[in-house]
Amino acid sequence: MNKLILIDGSGIAYRAFFALPLLNNDKGVYTNAVYGFTTMLMKIIEEEKPSHVLVAFDAGKTTFRHKTYKEYKGTRQKTPPELSEQFSFIHELLDAMGIKRYEIENYEADDIIGTLAVQAEKEGFETKVVTGDKDLLQLVDDHVTVSLTRKGITDVDDYDKEKVYERYEITPDKIIDLKGLMGDSSDNIPGVQGVGEKTAIKLLKQFGSIEDIYQSLEDVSGKKLKEKLENDREKAFLSKELATIEKHAPIDVKLDDLQYEYKVTSELIDLFKDLEFKTLLERVGFDEVISEDAEEETLEFEMVTEVNEQHLASPSALVVEVLEDNYHYADIVGLALANEKGRFYIPTETALNSSIFKEWLADANQKKIVFDGKKSIVSLKWRDIDINGVTFDIQMASYLIDPSESSHDLSAIAKRKHIKFVYSDDAFYGKGAKRVIPEGEKLGDHLIRKAEAMLKCQPLLKEELENNEQYSLFAELEMPLSLVLAEMEEKGVKISKETLESMGEELREKLEQKQKDIYELAGTSFNINSPKQLGEVLFEKLNLPVIKKTKTGYSTSADVLEKLESEHDIISEILDYRQLGKLNSTYIEGLLKVIHPKTGKIHTRFNQALTQTGRLSSTDPNLQNIPIRLEEGRKIRKAFIPSKQDWMMFSADYSQIELRVLAHIANDESLIEAFEHEMDIHTKTAMDVFGVDKEDVTSLMRRHAKAVNFGIVYGISDYGLSQSLNITRKEAGAFIDRYLESYPGVKQYMEDIVQKAKQDGFVTTLLHRRRYLPDITSRNFNRRSFAERTAMNTPIQGSAADIIKKAMIHMAKRLKDERMQANMLLQVHDELIFEAPKDEIDKLKTIVPDVMENAVKLKVPLKVDFSFGDTWYDAK
DNA sequence: AGGCACACGC
DNA sequence: GACGTACGTGTGCCTC
């Protein structure tokens, strides 16, 4: 069976251009439209496996339609030059892929597609049209489907006859009538003034076509509507004509010319390389290992059988190869060094049994350059081996220079520095099921390449940090912090298995009961955990009103269910079921699964090089999202206990650190004063925003003020605020405006920071952390708005992250200096959790707030609250 | 294996 | 006038 794909090249390129940020390659050529176009094209080809393909383009400015109506597409803005320059690459790309492209004077891409679709239908082809333009739906037929791009670029909706009818309640051949009536502002097609989609469909359903409507005009209900139709009679017919695709355009391509066979040519590889489409290179199976770049260069190295002075030097790049993500007691595959004396591969046994090597590792004067040093440090800690002198972490440097860089893996960083002899781990070892770990020379070669690349990258990254005024952030904050985090991770948190298990049993009983109740109320049994099945039960069987839809069906999210609570008793049961189910699966069963067999503790990993704001994240398990807001969930914290008898848990958190940071950086008088007097900040905000005295602040006013403060801290939009308060967007916008009027310093800051971001291309925090915001100049309103909010928010959230990180370093030092046994265990963004012997608690009560409050000096005081108890739950 | 919907924390 | 809107992690479902 012949299968033909017809692509609206101009339309897809436009879509891609506006959907993606303005990427460019290192020659400064814009590539976003080419990239989007290519991913779209490859996806379609992979999925459909066509026998014939054609990409049609619009040619020139005028078409035969302009003769009929010279204002046709008159409101179109000129194609931005950033897009125009990309068309030549798209042409090159298609040629390299062996895909036919075609354009013809006086006709649009639509007409070429229409003409070929008709021919293909006659010849018994299956045809698929890919476009972003709903007009093409008129081509849908028994053997012609149309794929419309949804938001984004690779997402499409496939329309066959049934789907068109489902969506528009008319047959595809009536799409032109629909457009004739409703017009199209983007093509400047007038239509009938005052008739939109709803009315047009109603008319077409009743009468058939535009011709039919005008024939029976007197039967149209509604005087006004009749008048409108009469007034714009000519425009209606003209619009229909303009919307009609020409199916007999004088094209000189034949279906036979469009034959297509999938192949990856060297031209295509070269083009992808030029454009720097790395993921696409991988996708077409271009293997980095066999890339000539890497293979060209052979690097000499020695395979060490016994470590001696000849191998050791300072500084050295040190590789401790651990392949598992979870490095807690993972295997060490091998080690490698690169330094002024050479390159050395040291097999694991050789290294870890060598006292010379271990002494060198422990020697703080022997400087080590590492990549993800915390991973190396913790892996060795589990074997009771200490490393000191870790002064430069390549991954950390890359993260600080640009946290948005999609991969901070070594081969990517090295390539950015034009070092090409290193392979990525995925390429070398293979990923997933295909992973093979070679031995001997081959492994050694890979590891010394990494070490050599690190050694070479180090001075370049150091220079970049210095140029960015980030070297002290790197050397005095993040590097020392990684050692503190390594200790916290290795120490772990004791957890009571028994407590979790008994809570789990209780939960499961409740869940079973709830499940029974729900089945009874529903009158059927189904999988409550399946949003799809749940949606069917609620909205089809029980006929509850549909409040929100997701792209795959009905939304059953908590905010939707809450609105339905009064409609049916089943809703609150489902909400309960969800809550309990979450507790059981994520927190009870999830935590039980990650108790370390050797220690009986939980050892999380803090990712220190991930978030865009500078916060940490926590995985395997995530200990930064243990429930607290609802009592049932909060009880999970009872399972977190001290690791020793007669010890206690101690928790300390910054009070309103983000808003204090805001008061400081915005230098807002009123906000500073509020904090100096230790006022309840949400009440104070309510007073200022609503213009009332303290006594007259109602709880609703305080709740709204709190949400506004929340919004300021997290950079949410008026829409986000409206969602959280269940008010209209307008009201939310008004709140934000009033807030900014009440705090002119904040308003000024918000304006200045956006301005500065536009000027510099990035924003910074208190300690010079950076976040680049390329979208700040985007023509796309959404992208720009988001970038603006990010510009306002990142210095606030990021500076707060800087402060607690600094406090952690001071805290670790203070505990050592004071020779205390207490352990710092966790950080949860504005909170530190410790365990300590009971007799140290009094001391902690003094030193923890002291250290945290004095981590930095701001224009407002920092305030720390603390508490302690037998479990994390009791430390509240 | 990967996406989606959902839910937890800050 | 619509767009689709804090960040992170983990779970179960569902499709491929």
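Proteins get letters first, then strands, A, B, ... in listed order; numbering begins at 1 in each. These numbers were taken from a predicted model, which means no experiment stands behind them.
Mapping Arg729(A) and Gln533(A) onto DNA chain C via the closest heavy atom, the residue that lands nearer the 5' end is Arg729(A). Nearer the 5' end of DNA chain C, as judged by each residue's closest nucleotide, is the contact made by Ile716(A), out of Asp620(A) and Ile716(A).
Between Ile776(A) atom CD1 and dT5(C) atom P the separation is 18 Å, expressed in whole Å. Spacing between atom CG of Leu591(A) and atom P of dG9(B) amounts to 14 Å, rounded to whole angstrom units. Atom-to-atom, NZ of Lys805(A) to C1' of dC10(B) comes out at 15 Å; the value is rounded to the nearest Å. A straight line from CD of Glu589(A) to P of dC8(B) spans 16 Å, rounded to a whole angstrom. Here dG4(C) presents its C1' atom at 12 Å from NZ of Lys548(A), a figure rounded to the nearest Å. Atoms OH (Tyr714(A)) and P (dC8(B)) sit 16 Å apart, rounded to a whole Å. One interatomic measurement links the two molecules: CD1 of Ile636(A) to P of dT9(C), which rounds to 20 Å at whole-angstrom precision. Across the protein-nucleic acid pair, Leu630(A) atom CG and dG9(B) atom C1' stand 12 Å apart, rounded to whole Å.
Less than 6.0 angstrom separates the ring centroid of Tyr743(A) from the ring centroid of Tyr739(A). Aromatic rings from Phe866(A) and Phe650(A) are positioned such that their centres are separated by under 6.0 Å.
Under 3.5 Å, the side chain of Arg578(A) and the base of dG12(C) form no donor-acceptor pair of N or O atoms. For a distance-only test at 3.5 Å, the side chain of Arg629(A) fails to qualify as a donor-acceptor partner of the base of dC8(B). Remark: the Asn782(A) side chain and the dG4(C) base include a donor-acceptor N/O pair separated by less than 3.5 Å.
When each of dC10(B), dC6(B), dC8(B) is scored by its nearest atom to the side-chain atoms of Pro627(A), the top-ranked nucleotide is dC8(B). Set against dG4(C), dT9(C), dC10(B), the side chain of Phe781(A) has dG4(C) as its closest nucleotide. Among the nucleotides dT9(C), dT15(C), dC13(C), the one closest to any side-chain atom of Leu610(A) is dT9(C). Nearest to the side-chain atoms of Asp830(A) among the listed nucleotides dA7(B), dC10(B), dG9(B) stands dC10(B). Of all nucleotides listed (dA7(B), dA6(C), dG8(C)), dA7(B) comes nearest to the side chain of Lys582(A). Relative to the side chain of Asn625(A), the nucleotides dA6(C), dT15(C), dC8(B) differ in distance, and dC8(B) lies closest. The side chain of Tyr587(A) has dC8(B) as its nearest neighbour among dG8(C), dC8(B), dA5(B). Checked against dT15(C), dC13(C), dC10(B), the side chain of Ser530(A) finds its nearest nucleotide in dC13(C). Picking from dT11(C), dC13(C), dT9(C) the nucleotide with the shortest atom distance to the side chain of Asn622(A) gives dT9(C).
Taking the P atoms as reference points, dC4(B) lies 13 Å from dT5(C), given to the whole Å. Rounded to the nearest Å, the gap between the C1' atom of dC3(C) and that of dC6(B) is 24 Å. Between dG4(C) and dC10(B), the distance separating the two P atoms is 31 Å to the nearest Å.
For the residue pair Phe606(A) and Lys374(A), the shortest heavy atom distance occurs at O-NZ, 2.5 Å. Scanning both residues, Lys548(A) and Asp559(A), for their nearest heavy atoms gives NZ-OD2, 3.6 Å. In terms of heavy-atom proximity, Ala33(A) sits nearest to Ala16(A) at O-CB, 3.7 Å. Considering every non-hydrogen atom in both Leu610(A) and Asn607(A), the closest pair reads CD1-ND2, 3.3 Å.
The aromatic rings of Phe735(A) and His704(A) sit perpendicular, their planes meeting at an angle over 60°, well past the 30° parallel limit.
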Writing each nucleotide of DNA chain C 5' to 3' as (, ), [, ], | or . by Watson-Crick or G-U pairing under 3.5 Å yields ......|||||||||.
Go through it in stages, so that I can follow the logic: the residues are Arg167(A) and Glu197(A), the test is salt bridge (charged side-chain N to carboxylate O under 4.0 Å, His left out), and I'd like the CA-CA distance, side-chain angles, deciding distance and then a yes or no. CA-CA 12 Å; Arg167(A) 166 67 180 78; Glu197(A) 186 179 313; 3.0 Å; yes
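Applying the side-chain hydrogen bond (donor to acceptor under 3.5 Å, both in side chains) criterion to His328(A), with sequence neighbours excluded, gives Trp382(A).
If you check every strand for non-hydrogen atoms under 4.0 Å, Ser618(A) touches sugar and phosphate atoms only. Counting non-hydrogen atoms under 4.0 angstrom, Glu658(A) reaches nothing in the nucleic acid. Using a 4.0 Å heavy-atom criterion, one finds that Phe786(A) contacts the sugar-phosphate atoms exclusively. Leu583(A) comes within 4.0 angstrom of no nucleic acid atom, judged by non-hydrogen atoms across all strands. Within the 4.0 angstrom heavy-atom criterion, only backbone atoms of the sugar-phosphate kind lie near Gln579(A); the bases stay farther away. Residue contacts for Thr586(A): at a heavy-atom cut-off of 4.0 Å it reaches the sugar-phosphate backbone alone, with no base atom in range.
Of the side-chain N and O atoms in Ser555(A), one or more sit less than 4.0 angstrom from OP1 or OP2 of dC6(B). Within the 4.0 Å cut-off from OP1 or OP2 of dG8(C), not a single side-chain nitrogen or oxygen of Asn607(A) is found. A close approach under 4.0 Å does not occur between any side-chain nitrogen or oxygen of Arg615(A) and OP1 or OP2 of dG8(C). Contact annotation: Thr556(A) reaches the phosphate of dC6(B) (side-chain N/O to OP1 or OP2, under 4.0 Å).
By the 4.0 Å N-to-carboxylate-O rule, Lys635(A) lies close enough to Glu631(A) to be salt-bridged with it.
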